[in-house]
Structure formats: C-alpha cells, structure tokens
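As structure tokens, the structure follows; a few thoughts come after it.
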Protein chains: 2
Amino acid sequence: MQELEGIKSYKSFSAGDQILWRGDDLTYVASVVKGVATLSKTMEDGRIQMVGLLLPSDFIGRPDRRSIDFDVVATSDVTLCCFQRKPFERLLSTVPHVSQRLMEIALDELDAARDWMVLLGRKTAREKIATFVEMMVRRQHIAGLGLDQEPLILPLTRDEISNYLGLTLETVSRQLNALKKEGVLRFIDRRRFEVIDVEALHTASGDDSDGGVLS
Amino acid sequence: MQELEGIKSYKSFSAGDQILWRGDDLTYVASVVKGVATLSKTMEDGRIQMVGLLLPSDFIGRPDRRSIDFDVVATSDVTLCCFQRKPFERLLSTVPHVSQRLMEIALDELDAARDWMVLLGRKTAREKIATFVEMMVRRQHIAGLGLDQEPLILPLTRDEISNYLGLTLETVSRQLNALKKEGVLRFIDRRRFEVIDVEALHTASGDDSDGGVLS
DNA sequence: CGGAGCGTTGATTAACTTCAAGGGCTGTGG
DNA sequence: CCACAGCCCTTGAAGTTAATCAACGCTCCG
C-alpha cells in the first residue's frame, strides 16, 4: 500500500467541469478526495440517465479497460487522488491483495447498480425520492456528517436528481416538497435539510412493506 | 484450465425451478450450458424487477461472496456446469489468469447493468421492447441461431419480459403487436419470430437518433 | 368437455410529463 | 445600496403514457 504513495498525484476540477468524456482513454485511475462527481449517459436526443454518483472515497477506473462508456462530470469542486495507469497495473500484478480489493469494489458497484434497477424500473416517484434521500443520509453518516443537529446536504440540483432517478425536475421538486409538507423532512435552504421522521422516510422508500416495525 | 475439468459437475433444473434464493449460501459457481435463467428482485409488496438474464455461456457466482441478493430462477429447463466453491477458489489463487477473467466478467456485467439503467429510467415502452428484441437477436446470432430463415426465440413469457423491462404484461403485449402490425416483426407463434425490418427495429430502440443511416 | 396457463384487447384511471408562468436567491455593476 | 440578470426552484394546468381493471381467446392436456 505504501508503494502507492510514490505514484500518486492530485487533480482538481471546478464545479461543472467534465472530468472524463465517454470513450476517453483512461490514463489514470483515481479516488475522490473531495466533492461530488456524476457518471451519466446521454441518449442521442438528449435524454440523460445518471448511472452512478461518486462521493468522497469512491473509486474511478477499472483495470484492463481502455475506456469508459459514460461521462464523468464534477458537480461541485472536486479533488481526485490519481494514480498513473501503468505503475498502478504493475502494482496490481505484483500485489495480489490489490486486485482482490478491486474485484470487491466492482462487485459492490454491480450490487448497487442492480438495486438501482429496481428503483428505476419499479418504484414510484415518491419511493424514488425517499430512497435517494435515505441514501444521502446513510452516506453522509458514514462520512461522519449530519450527526448532531448539523444539517445534511443534497449534493445535486433538482435537475441532476431527476436524471439520477429517471424523473423530471418538476416531479422531484413536487415530491421533495410533499415530504416537507408532511413533516418528514425540514429544509434549511434548497440544499440543506434534516430528517424529522426517519421511520416515515423509510416507509416511503418502499424498501419495507410495514414500516419496519417488528415487535 | 484443464484443472477445472476435475472438479466440475452438472446440475439440471426444470422450467420454473428456483435455482438459488436470495440470501442463499453460494456453495458453487456455475456456468449455463443449456436453457435460460433469470436474476430477479422482489419487493415486499410483490413488485418484481429482473436484474439479469442468463443465457447459455453466462456465468453465475462471484468469488469472495458468501451469498447473493437476488433470486435465480430457471425459466426453461436448465443445465448448469458447476464447480465446487472451495477447489474453485484454490484454483483462483494459484492461477492469476482466472481471477483476471472473472474481473472482466464482473465489469462486463456492470456495463450491461448501466445500459439497462438507461433503458429502465429513460426509454419509452416502445423503445424498451425494441431494445429487448434487438438484444435477443444479437445474442442468438452470436450463439449461431436464427441465421437463415430459421426463426428467433423469445425465451421469456410476456409477464417475464415485463419484469425485465419495468412494464406491465399488457403493455408488452401491445407493443409487440404494434411492431407486428407495422411489419417490423413477424410471429410464427407466441415465442418464435423473425425480424422483417432490422432498421426500423433499431430506430424504434432509441439507441440511434437518425435510424443509423450513415452515407 | 372443462380447466389452466398465457396472451390479447378494450375501457378507464392514475401517475408522471410537458408546458407555462412566476418566485426567490445570489452576485454584479451602476 | 439598489436594480437587474441568471440560475434554480416552485407551482399550476393540461396533456400523455402506461397502469389498472376487466373480459375474452387460444391452445394444450387431462
């Protein structure tokens, strides 16, 4: 692991910058240090579907793959910790533990993608929003954010959220406001919020039939 | 590779049999020899989303994972070529080439899952159906089927297709019949069909803005 | 003949999108 | 300091797509 130290460097991107274009050669692999980036696919007529969201600690890149088939865009100011591809692959072939870890990451992503398929294919707008908010809460708690009364963050605009959830931005806005009116969420401003009723949020996510109340 | 020969065995399942249950311990990894199996997730209230379709040559199982988070069901009579987990993992750690190949498989699945996310999140019912039919054509051509005037097969019922595409079975039926009425497809019976107008099918899939006519 | 399993078709409804207008920050320049 | 522009968000009304509800048809099989 310490060998990685020698070949790493940092790259920064401003909010809105495109980090990688679909089809780009992947000359480095990287991990997100700060900020939020999105993976998305655009259809020829302009319809967009986000296929991944990169928060700090997430990984970009794949061994033995020349290019990627989606765009990577910095949604906020982003700092990446980059490793040149060549030395990284050398490391990969000499230290078996690394390739095992990468396999785990790929399989985790696959599981996440399949859960998202259920959301996209079968959940209602309300369930999609609630699931998304729950995911934001979970990820930020893991990162040690939003603990005491500190507000949580929506790292995406309504428009970006709509592209993640397969909705329109108007529907996203309406559903977020519905959760607000019902007293499930409280908004400090457009991006910052708190969860008032954790259980109602979970029930709304559709991931549980009975609200999760077991004895 | 020849080492694998020593630890392999075959298992058969009848149409409708459940091959693996969500949460099952994975005591073996396997590859589909014959038949069709589905990977699917069921929500507590019964909504179903298929997250994968296994045709001959496809692989089940993942190294270093105890269990899976979806059901695997045989949709037709299925024969699997199975490898006991333990010896397989031993092989995996001694022959580096194998783990590399598994990584590739996982990354291919991830790419496929992301393409499916676009379909589920952004495509219309007509586009979903056309994309699905195109995929069936492609996969069967690769397998050497449906070449001269031999008909292609829909390996799933309308209901199963609807669960793959995030639609209802009625919508699947209507859209397939629409493509039939338009002269894009011809049906020999409920399962067997031919593509009359390949280009119209591709246009309907939404994967190309202008019908793919280049020069 | 009768039933089960699958598929089709029609009528109605519900959910979400689309279209349209306006509101509220935030930063900038007069 | 205020006016204004730009961006994002909200809200309402109308329009569409696909879901739902319901009935019926076909085919295989006992």
Side-chain angles (χ1 to χ4, degrees), chain A residues 14-16 36 38 43 45-49 73 75-76 119-133 153-182 185-193 204 206, chain B residues 14-16 36 38 43 45-49 73 75-76 119-133 153-182 185-193 204 206:
Chain A
S14 304
V36 178
T38 64
M43 293 173 66
D45 63 0
R47 279 174 284 176
I48 295 172
Q49 176 64 51
V73 178
T75 269
S76 65
L119 177 145
L120 292 172
R122 290 304 187 197
K123 288 192 178 181
T124 64
R126 180 183 170 84
E127 289 169 337
K128 287 177 175 181
I129 292 288
T131 304
F132 173 74
V133 172
I153 309 277
L154 286 182
L156 304 176
T157 65
R158 305 293 184 264
D159 189 47
E160 290 163 338
I161 295 171
S162 75
N163 289 329
Y164 200 16
L165 299 178
L167 297 170
T168 59
L169 70 93
E170 293 95 329
T171 300
V172 170
S173 176
R174 281 187 247 268
Q175 294 295 338
L176 282 173
N177 285 315
L179 290 174
K180 178 175 106 188
K181 273 180 203 124
E182 292 167 26
L185 303 178
R186 177 185 3 258
F187 281 88
I188 284 75
D189 60 26
R190 297 198 271 203
R191 301 206 140 219
R192 289 181 301 164
F193 71 99
Chain B
S14 304
V36 178
T38 65
M43 293 173 66
D45 62 0
R47 279 174 284 178
I48 295 172
Q49 177 64 53
V73 177
T75 268
S76 65
L119 176 144
L120 292 172
R122 290 304 186 197
K123 288 193 177 180
T124 64
R126 179 182 172 83
E127 289 169 336
K128 287 177 175 182
I129 292 289
T131 304
F132 174 74
V133 172
I153 309 276
L154 286 183
L156 304 176
T157 65
R158 305 292 184 264
D159 189 47
E160 289 164 337
I161 295 171
S162 74
N163 289 328
Y164 200 17
L165 299 178
L167 297 170
T168 59
L169 68 94
E170 293 95 330
T171 299
V172 171
S173 176
R174 281 187 247 268
Q175 295 295 338
L176 282 174
N177 285 316
L179 290 174
K180 179 176 105 187
K181 273 180 203 126
E182 293 167 26
L185 302 179
R186 178 186 2 259
F187 281 88
I188 283 76
D189 60 26
R190 297 199 272 204
R191 301 208 141 216
R192 289 181 301 163
F193 70 100

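Chain letters run A, B, ... following the sequence lines, proteins first, then strands; residues in each count from 1.
- Both A/Asp159 and B/Gln175 sit near DNA chain D, but only A/Asp159 has its closest nucleotide nearer the 5' end.
- A/Leu165 has its side chain out of reach of A/Thr171: every pair of non-hydrogen atoms, C-beta onward, lies at least 4.5 Å apart.
- Taking atom CD1 on B/Ile129 and atom P on D/dT17, their separation rounds to 16 Å, with Å as the unit.
- Here the C1' atom of nucleotide C/dC6 and the CG atom of B/Leu154 are 13 Å apart, to the nearest Å.
- Atom pair B/Ile161:CD1 and C/dC6:P shows a separation of 13 Å (rounding to whole Å applied).
- Within 4.0 Å of A/Asp189, counting heavy atoms only, lies no atom of the nucleic acid at all.
- Rounded to a whole Å, the CG atom of A/Leu120 is 19 Å from the P atom of C/dA15.
- Of the residues near DNA chain D, A/Leu156 and B/Lys123, the one whose nearest nucleotide (by heavy atom distance) lies more toward the 5' end is A/Leu156.
- Side-chain to base pairing of B/Glu170 with D/dC21: one donor and one acceptor N or O lie within less than 3.5 Å of each other.
- Proximity of a side-chain donor or acceptor of A/Asn177 to a complementary backbone N or O of A/Lys180 within less than 3.5 Å is not detected.
- In this structure, the nucleotide among D/dA19, D/dC9, C/dT8 sitting nearest to the side chain of B/Leu167 is D/dA19.
- Side-chain proximity of A/Thr124 to the nucleotides C/dT8, D/dT20, C/dC16 is greatest for C/dC16.
- Mapping A/Thr168 and B/Ser173 onto DNA chain C by nearest heavy atom places B/Ser173 closer to the 5' end of the strand.
- A donor-acceptor distance shorter than 3.5 angstrom exists from the side chain of A/Arg122 to the backbone of B/Leu167, with no hydrogens or angles considered.
- Of the candidate nucleotides C/dT17, C/dT8, D/dC8, D/dC8 has the atom lying nearest to any side-chain atom of A/Thr157.
- Judged by distance alone, the side chain of A/Glu160 and the main-chain N or O of A/Thr157 form a donor-acceptor pair under 3.5 Å.
- With rounding to whole Å, B/Leu179 atom CG is found 16 Å from C/dG7 atom P.
- The CZ atom of B/Arg47 sits 14 Å away from the C1' atom of D/dT20 (whole-angstrom rounding).
- Put simply, the side chain of B/Arg190 and the base of C/dC6 share a donor and an acceptor less than 3.5 Å apart.
- Dashed line: the shortest gap from a side-chain N or O of A/Arg158 to OP1 or OP2 of D/dT10 is under 4.0 Å.
- Checked by distance alone, B/Arg191 brings no side-chain donor or acceptor within 3.5 Å of a matching partner on the base of C/dG7.
- Rounded to a whole Å, the CG atom of B/Leu176 is 14 Å from the C1' atom of C/dT9.
- Here the side chains of B/Leu176 and B/Phe187 are in contact, with some heavy-atom distance below 4.5 Å.
- Residue-level contact check: B/Gly16 touches neither bases nor backbone, having no heavy atom under 4.0 Å from any strand.
- Rounded to a whole Å, the CZ atom of A/Phe193 is 14 Å from the P atom of D/dC9.
- Between B/Thr171 and D/dA19 there is a side-chain N or O to OP1 or OP2 distance below 4.0 Å.
- Judged as a side chain to side chain contact (heavy atoms under 4.5 Å, CB included), and not counting sequence neighbours, the contacts of B/Arg190 are B/Arg158.
- A donor-acceptor contact under 3.5 Å is formed by the side chain of B/Arg174 with the base of D/dT20.
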